[in-house]
Amino acid sequence: MLNTDGATPGALLRKPVNGWLQADAHLRGFGGFHGGLALALLTSAMREHAPGLELQSVTGRFDRPVDPGFTVDSSLVRAGRTLSVVRAQAQSEKGTAIEATAVFARRGEDTWQPVTPQAPPAPGPAECEVFAIPAEFVPIATSMEIRPVGTARPYAGGPQPELLAWVRLTEDDEAPDLLRLVLLMDALAPSYAAILSTLAVVPTVELTVRPAPKLATATSPWILLRATTRTAGADGWVDEQIDAWTPDGTHLGSAQQLRVARTI
């Protein structure tokens, strides 16, 4: 059993993933074990099957809330000369809670013209005020510091379904590595909530994270996250794009979330 009692998210990600993981209260998001942390733990297990390879993409499908905890099963699907595919599952007492697939590949030669999204204009984190999320709503938020850029806030009835904020883990000053990036890509409230004026849940159904090649060069614990709802249907299904940058504008990765809005 992996002891999660009192363990911070960053410390938990440094441990091997094995046995039963208890969904302790301080690791919960809105309604269950935090999705980004869960996917990061599954990613940790999957990369053990692809030594020497770099993660290109990981996708998790959240079938049900993880409660009261889960075990992780992972296996190699395909091992090629330059590319491997791995899958993992989080099994709770009620059955499969999360299904994940990851693509790992060898580092190629730098022969192609890179294309990366440009960071939006933003004052530094020290110039932005802390946004305190009530622990009773999102307990894991006590492990994170979020400093919004601009006036957009969740459930504030704003004009655009977009959130922009500086985010970091509060437990240390380490720069984000692969697993921390997966976790932090799910740090913000749903961007769709920026245009809502009443509280609603917009849980994640599917989360894909794709790290950028320069993630390893990050030196600051802060990342700038921009989450934007690309499309939202009248039936509540939401397609969200998320990008992350360092304070100097280096692109760290992208993510896509499939969400669905529901009344409480």
Side-chain angles (χ1 to χ4, degrees), residues 7-17 26-27 29 33-48 50 53-60 100 102-105 107 114 116-120 122-126 128 130-131 133 138 140-149 163-189 191 204 207-228 240-257:
T8 60
L12 190 60
L13 292 175
R14 286 192 287 267
K15 300 178 181 179
V17 179
H26 71 290
L27 300 175
F33 195 92
H34 187 262
L37 178 56
L39 186 57
L41 289 166
L42 266 66
T43 302
S44 176
M46 288 188 286
R47 70 176 180 179
E48 295 300 315
L53 305 184
E54 297 182 5
L55 180 71
Q56 302 301 310
S57 179
V58 60
T59 297
V103 176
F104 296 86
R107 172 74 178 172
T116 58
Q118 295 299 305
C128 302
V130 174
F131 179 66
I133 301 175
V138 185
I140 198 174
T142 60
S143 297
M144 302 177 186
E145 186 173 346
I146 299 176
R147 293 177 175 257
V149 176
L163 294 171
L164 181 66
W166 292 101
V167 179
R168 61 166 291 171
L169 292 180
T170 58
E171 63 196 71
D172 54 43
D173 290 325
E174 293 184 16
D177 60 5
L178 172 63
L179 299 182
R180 287 190 177 206
L181 178 72
V182 175
L183 161 62
L184 291 174
M185 280 297 199
D186 194 31
L188 297 184
S191 57
T204 301
L207 170 61
T208 295
V209 178
R210 297 187 175 97
K214 292 188 177 181
L215 173 61
T217 68
T219 58
S220 171
W222 288 103
I223 66 172
L224 180 65
L225 285 182
R226 181 178 63 194
T228 305
E240 182 180 55
Q241 171 75 28
I242 306 165
D243 282 287
W245 296 269
T246 64
D248 67 2
T250 300
H251 187 242
L252 296 178
S254 299
Q256 290 78 41
Q257 289 219 44

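In what follows, residues are counted from 1 in the order of the sequence shown.
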Side chain proximity check, Leu163 to Phe131, heavy atoms < 4.5 angstrom: no

Check: Asp186 and Leu39 side chains under 4.5 Å, non-hydrogen atoms: no

OG1 on Thr142 to CG on Leu27, rounded to 0.5 Å: 9.0 Å

Any pair counted as side-chain hydrogen bond (donor to acceptor under 3.5 Å, both in side chains), so long as it reaches residues 208-218, sequence neighbours left out: Ser57-Arg210, Thr59-Thr208, Arg210-Gln256

Sequence-distant partners of Trp166, ring-ring contact (aromatic ring centres under 6.0 Å, His included), two or more places apart: none

4.5 Å side-chain heavy-atom contact, Leu183 and Met144: yes

Nearest non-hydrogen partners of Ala165 and Pro148, listed with the distance: CB-CA, 3.7 Å

Pro221 and Asp172, any side-chain heavy atoms less than 4.5 Å apart: no

Within-4.5 Å side-chain heavy-atom neighbours: Ile242 and Leu188: no

Minimum side-chain heavy-atom gap Thr116-Gln118 below 4.5 Å: yes

Leu37 side, atom CG; Leu13 side, atom CG - distance, nearest 0.5 Å: 5.5 Å

Inter-residue atom distance Arg47.CZ - Glu54.CD, 0.5 Å rounding: 11.5 Å

From Leu252 atom CG to Trp245 atom CH2, the distance as rounded to the nearest 0.5 Å: 9.5 Å

Any Thr246 side-chain heavy atom under 4.5 Å of Ser220 side chain: no

Shortest non-hydrogen contact between Arg147 and Ala126, atoms and distance: NH1-O, 4.4 Å

Reported CG-to-CE distance for the pair Asp243 and Met185, which is rounded to 0.5 angstrom: 6.5 Å

Heavy-atom pair of closest approach, residues Ile140 and Gly29: CG2-CA, 4.4 Å

Value rounded to 0.5 Å, distance of OG1 in Thr219 from CG in Asp248: 7.0 Å

Residue pair Leu207 / Gln257, side-chain heavy-atom distance below 4.5 Å: yes

Considering all heavy atoms, the nearest Val182-Ala40 contact: CG1-N, 3.6 Å

Option passing side-chain contact (heavy atoms from CB on, under 4.5 Å) with His251 (candidates Pro211, Pro213, Pro117): Pro117

Closest approach of Ala100 to Met46 (non-hydrogen atoms, all atoms of both residues): CB-CE, 3.8 Å

side-chain hydrogen bond (donor to acceptor under 3.5 Å, both in side chains) involving Ser191 - partner list, sequence neighbours excluded: Thr229, Glu240

Contact summary for Cys128 and Val149, nearest pair of heavy atoms: SG-CG2, 4.0 Å

